[in-house]
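Report on the structure given below.
Letters A, B, ... are given to chains in the order of the sequence lines, protein chains preceding strands, and every chain is numbered from 1. As the structure is a computational prediction, the values presented were derived from the model and not from experiment.
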2 protein chains.
Amino acid sequence: MEYEQLKLENQVCFRLYTAARLTMGAYHPYLDPLGLTYPQYLVLLVLWEQDKQPVNDIAHKLLLETNTVTPLLQRMEKAGLVKRTKGKEDSRQRIVSLTKKGIEMREQAKHIPECLSADIIKNEGSVEEISQMIPTLDKLIEGLKQTEKNP
Amino acid sequence: MEYEQLKLENQVCFRLYTAARLTMGAYHPYLDPLGLTYPQYLVLLVLWEQDKQPVNDIAHKLLLETNTVTPLLQRMEKAGLVKRTKGKEDSRQRIVSLTKKGIEMREQAKHIPECLSADIIKNEGSVEEISQMIPTLDKLIEGLKQTEKNP
DNA sequence: CTAATTTATATCGTTCACGATGCAAAAGTA
DNA sequence: TACTTTTGCATCGTGAACGATATAAATTAG
């Protein structure tokens, strides 16, 4: 068959795309009550590890463009989760810091990872098997990061 | 450490999310010249396997909602790739069929899968290793599909 | 020290992705 | 047959994601 490789069934990328979407969906039961979206949750993960970071650092850690992160942070500021202040040394920078609400949310989010693990176990597929993908995904991501740069 | 599990580094989901985004980005060099986006390419994959399908079938195969697929198809119709006609038996249905342009594009897209494989090989990480994720991703997707249904 | 360049962020336009809602056709029920 | 429910698709609003472009501050070059 000449077009065998164009079959959906044979495509890893489609699976990645779908798995990522459905996974984000699996967060809904836990993030909705907190009024968070998944990308907003990711920003909080970054800030919980280290508060007071410029936009660029956050974007870099999430492998996102700043023009994605900026509106995200604006919405999070409006929601009272973070504040954005001008950098002191470099006044081009916007330093993003957690508000009291943003800090406190960590406590409420503490159990989300294990809840998700439990959900995944419940519906077939072990967490171990999924964790085994980590090194491969990391290599894939690392490779694709390079591809972006080299035309 | 109490919040160890909230570290970005320990999260499979973030890797899936990132890998999926970067992978879609890797399609750009091949899809842009054809004037296609990745989801539009996916719709074409579905239609190339079987022409003349109702919106629902396409959405179901891509695991998307119809309210995502409908505007997608409207844009593809405007681009002259598909046409949408009322179903004969069930007039609620919209049957999506390939135009001449949509059919011919298959020939131009034929080599995209191998191009992508080549790109991935080039930047570290073998295709074999990535293909090994397929069964796990399939189980994960199957599990998450169930989770959607059961509250 | 002025001019050109780079950097950090923001804005805009387009395309997904999806929950909520609407609507008309079909199917099921009384 | 009339009525209710379900189904298939569309519309609307919101939040990403990102290319292109803009702007101001910092850096570098001359």
Counting only side-chain N and O atoms of [X], is one of them less than 4.0 Å from OP1 or OP2 of [N]?
X: T66(B); N: dA10(D); value: no
X: R84(B); N: dC9(D); value: no
X: R75(B); N: dC16(C); value: yes
X: T70(B); N: dC9(D); value: no
X: Y17(A); N: dA17(C); value: yes

In whole Å, what is the span from the [atom1] atom of [X] to the [atom2] atom of [N]?
X: K86(A); N: dT7(C); atom1: NZ; atom2: P; value: 20 Å
X: R21(B); N: dC16(C); atom1: CZ; atom2: P; value: 17 Å
X: H28(B); N: dA20(D); atom1: NE2; atom2: C1'; value: 13 Å
X: L36(B); N: dT15(C); atom1: CG; atom2: P; value: 12 Å
X: Y27(B); N: dC16(C); atom1: OH; atom2: C1'; value: 17 Å
X: E65(B); N: dC16(C); atom1: CD; atom2: P; value: 16 Å
X: L64(A); N: dG19(D); atom1: CG; atom2: P; value: 11 Å
X: Q40(A); N: dA17(C); atom1: CD; atom2: C1'; value: 15 Å

| task | Tell me which of D90(B) and T68(B) sits closer to the 5' end of DNA chain D, going by the nucleotide each one is nearest to. | result | D90(B)

| said: If you assign P39(A) and D57(B) each to the DNA chain D nucleotide with the nearest heavy atom, which residue ends up on the more 5' nucleotide? | reply: D57(B)

| Is any NZ, NE, NH1 or NH2 atom of the basic residue among K101(A) and E104(A) found under 4.0 Å from an Asp or Glu carboxylate oxygen of the other? | no

| Base, sugar-phosphate, or nothing: which does P71(A) touch, judged by heavy atoms less than 4.0 Å apart? | nothing

| task | Could you tell me whether R21(A) sits above the aromatic face of Y17(A), with NZ or CZ closer than 6.0 angstrom to the six-membered ring centre and within 45 degrees of the axis? | result | yes

| field | Minimum-distance nucleotide to T37(B) side chain [options: dT9(C), dA10(D), dC16(C)] | value | dC16(C)

| query | Picking from dA16(D), dA10(D), dA17(C), which would you name as closest to the side chain of Q74(B)? | reply | dA10(D)

| When rounded to the nearest 0.5 angstrom, what is the spacing between NZ in K145(A) and OG1 in T18(B)? | 9.5 Å

| message | Parallel, tilted or perpendicular, judged at 30° and 60°: which one describes the rings of Y27(B) and Y38(B)? | response | tilted

| said: Any side-chain to backbone donor/acceptor pair from Q53(B) onto I95(B)? Under 3.5 Å, distance only. | reply: no

| query | Is the backbone N or O of T66(A) less than 3.5 Å from a side-chain atom of T70(A), with the two atoms forming a donor-acceptor pair by type? | reply | yes

| Looking at DNA chain C, which of residues 91-101 of chain A put a heavy atom within less than 4.0 Å of it? | R92(A), Q93(A), R94(A)

| Pairwise 5' ranking along DNA chain C for N67(B) and N56(A), keeping only the more 5' one | N56(A)

| field | side chain to side chain contact (heavy atoms under 4.5 Å, CB included) between L98(A) and L81(A), worked out | value | CA-CA 6 Å; L98(A) 290 162; L81(A) 294 165; over 6 Å; no

| Judged by modelled atom types alone, do K88(B) and Q93(B) share a side-chain donor-acceptor pair under 3.5 Å? | no

